[in-house]
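Values reported hereafter were calculated over all heavy atoms of this structure, with side chains retained and with hydrogens, waters and symmetry mates removed. Here is the naming used below: chain letters follow the sequence lines, and residue numbers restart at 1 for every chain.
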Number of protein chains: 2
Amino acid sequence: MKNAQELIKLNHMKVTKGRLAVLQYLIDTGEPLTIENISLGVGFLNKVTVYRILDIFVSRGLVYQTDFRKGKAYFEFQEHHHHHVVCTVCGYKEEIAACISPAILKSVIKETRSFSSIDRHMLEFFGVCNKCGVSKNNY
Amino acid sequence: MKNAQELIKLNHMKVTKGRLAVLQYLIDTGEPLTIENISLGVGFLNKVTVYRILDIFVSRGLVYQTDFRKGKAYFEFQEHHHHHVVCTVCGYKEEIAACISPAILKSVIKETRSFSSIDRHMLEFFGVCNKCGVSKNNY
DNA sequence: CTCTAAAAGCAAATATTTTGCATTTAAAAT
DNA sequence: ATTTTAAATGCAAAATATTTGCTTTTAGAG
């Protein structure tokens with residue numbers, strides 16, 4: 001388990017107070033957070049800077065950016081790569097280990113004519129949680 | 001191949017001029033569109049109404065809502081369910097057939113304690129297209 | 001310690017999404 | 001056909017999210 005500073009260095013970025021704080025906050029909370037969440041959580045950073053820090057973290061693959069159909073981006077440090085199931089009624093989110101298989105990734109590479117490699121993917125599942133009632137259309 | 005009106009009726013919604021126009025536009029263009037795109041494309045609908053129409057289309061599974069890390073939602077009619085590879089440099093999008101396997105979906109259901117069914121999922125791949133250069137970090 | 005490119009701050013603009021309420025309309029009931 | 005009514009739409013405004021341009025600060029190389 002590496003610390004924030006090592007992780008930043010390993011990914012070829014300047015180690016700054018802001019980046020350390022954002023990454024540490026993401027590591028500590030361990031759940032998907034919005035820019036607003038992070039900005040408030042860290043406390044001393046300009047929100048624009050938070051946007052820029054997350055942009056670069058995501059582009060280096062240090063942070064997973066995703067979308068839960070809430071009209072804004074969510075960011076999460078992923079010590080272990082994973083995805084979520086989201087309730088479309090109450091917004092409850094559960095972490096899941098299920099992920100695409102290497103075979104699927106290979107088939108993507110094989111299928112596409114315009115990309116020779118895939119850096120990352122975003123995968124989220126939506127349903128209605130047991131509290132909110134049981135959904136009918138399965139697929 | 002069903003027409004817009006049948007599709008709306010089949011999904012238990014009132015058939016309105018707005019819904020017909022939006023769905024038809026999505027069918028005709030056949031690519032992921034933003035609210036702005038659809039609003040302009042249809043021409044006569046208030047943008048708020050477009051939001052509301054897409055909300056209900058997505059909730060009924062008639063339309064696939066996704067996110068390409070552009071700070072806004074994309075919507076696409078999916079005659080055949082599919083996903084995309086997106087270039088993180090130029091934004092170029094390519095349609096791909098690759099999708100999660102039924103086995104993965106089963107494993108999600110098995111893994112989660114809070115959901116008894118999954119209605120839909122969002123899956124997108126990101127990379128750098130051949131035009132923009134070749135990315136290094138593969139996984 | 002100096003220097004410089006990169007990062008952060010700040011203010012403002014732009015874009016996206018949501019909300020509340022008045023009006024219109026689809027389609028069911030008469 | 002006409003009436004009725006819940007659902008859909010329009011409109012204006014608010015709230016929220018994201019981007020941009022430019023100045024100042026700072027990490028880290030030399």
Side-chain angles (χ1 to χ4, degrees), chain A residues 3-25 32-60 62-63 65-76 86 88-91, chain B residues 3-25 32-60 62-63 65-75 88-91:
Chain A
N3 67 29
Q5 176 153 333
E6 288 178 67
L7 285 168
I8 293 171
K9 278 188 184 162
L10 275 173
N11 284 279
H12 313 101
M13 289 174 279
K14 262 194 187 177
V15 176
T16 67
K17 212 181 278 191
R19 287 176 184 169
L20 278 173
V22 169
L23 186 51
Q24 195 59 58
Y25 189 67
L33 300 170
T34 63
I35 292 287
E36 183 74 10
N37 295 154
I38 299 165
S39 192
L40 290 174
V42 169
F44 64 86
L45 276 178
N46 188 288
K47 199 183 284 186
V48 173
T49 304
V50 177
Y51 271 99
R52 295 197 269 229
I53 289 175
L54 287 161
D55 264 3
I56 194 170
F57 281 0
V58 169
S59 75
R60 301 300 162 99
L62 198 53
V63 162
Q65 171 174 352
T66 194
D67 177 88
F68 296 127
R69 295 189 182 154
K70 299 279 179 66
K72 59 192 150 195
Y74 281 78
F75 302 88
E76 184 175 29
V86 186
T88 53
V89 176
C90 69
Chain B
N3 68 29
Q5 176 153 334
E6 287 177 68
L7 285 168
I8 293 171
K9 278 189 183 162
L10 276 171
N11 285 279
H12 313 101
M13 289 174 277
K14 263 195 188 177
V15 176
T16 68
K17 214 180 280 191
R19 286 174 185 173
L20 278 172
V22 168
L23 186 51
Q24 194 59 57
Y25 189 67
L33 300 170
T34 63
I35 293 287
E36 182 75 9
N37 294 154
I38 298 166
S39 193
L40 290 174
V42 168
F44 64 86
L45 275 179
N46 188 288
K47 198 182 284 187
V48 174
T49 304
V50 176
Y51 271 98
R52 294 197 269 231
I53 288 175
L54 287 162
D55 264 2
I56 194 170
F57 281 179
V58 170
S59 75
R60 301 300 161 98
L62 197 54
V63 162
Q65 172 175 351
T66 192
D67 178 86
F68 297 126
R69 296 187 182 155
K70 299 281 180 62
K72 58 193 151 195
Y74 281 78
F75 302 88
T88 51
V89 177
C90 69

Note, I53(B) side chain near I38(B) side chain (heavy atom, < 4.5 Å): no

Short side-chain N/O contact from T16(B) to OP1 or OP2 of dA7(D), under 4.0 Å: no

Side chain to side chain, M13(B) and L62(B), heavy atoms closer than 4.5 Å: yes

pair F57(A)-R19(A): side-chain heavy atoms closer than 4.5 Å: yes

D55(A) CG to dA7(C) C1', straight-line distance once rounded to whole Å: 13 Å

First of K47(A) and K17(B) reached from the 5' end of DNA chain C, by closest nucleotide: K47(A)

Rounded distance (Å) that lies between atom P of dA7(D) and atom CE of M13(B): 15 Å

Integer-rounded Å distance: dT9(D) C1' and F57(B) CZ: 14 Å

Which residue lies more 5' along DNA chain D, comparing E36(A) with R52(A) via nearest heavy atoms: E36(A)

Sugar-phosphate, base or nothing in reach of V48(A), heavy atoms under 4.0 Å: base

Close side-chain approach of K47(B) to I35(B), heavy-atom, < 4.5 Å: yes

Atom-to-atom span, CG of N46(A) to P of dT19(D) - whole angstrom: 14 Å

Value in whole Å for how far the P atom of dA17(D) lies from CG of L33(A): 13 Å

Given dA8(D), dT18(D), dT18(C), the nucleotide with the shortest approach to the side chain of Y51(B): dT18(C)

Contact check, side chains of Y25(B) and L33(B), non-hydrogen atoms, under 4.5 Å: yes

Separation of dT16(C) P from L40(B) CG (nearest whole Å): 11 Å

Whole angstrom value for the distance that separates C1' of dA7(C) from NE2 of H12(A): 18 Å

Position toward the 5' end of DNA chain D (nearest nucleotide), I53(B) or K9(A): I53(B)

Value in whole Å for how far the P atom of dT23(C) lies from CG of L45(B): 20 Å

Distance below 4.0 Å between K14(A) side-chain N/O and dA7(C) OP1 or OP2: no

Selected nucleotide, minimal atom distance to T49(A) side chain, candidates dG9(C), dG10(D), dT18(D): dG9(C)

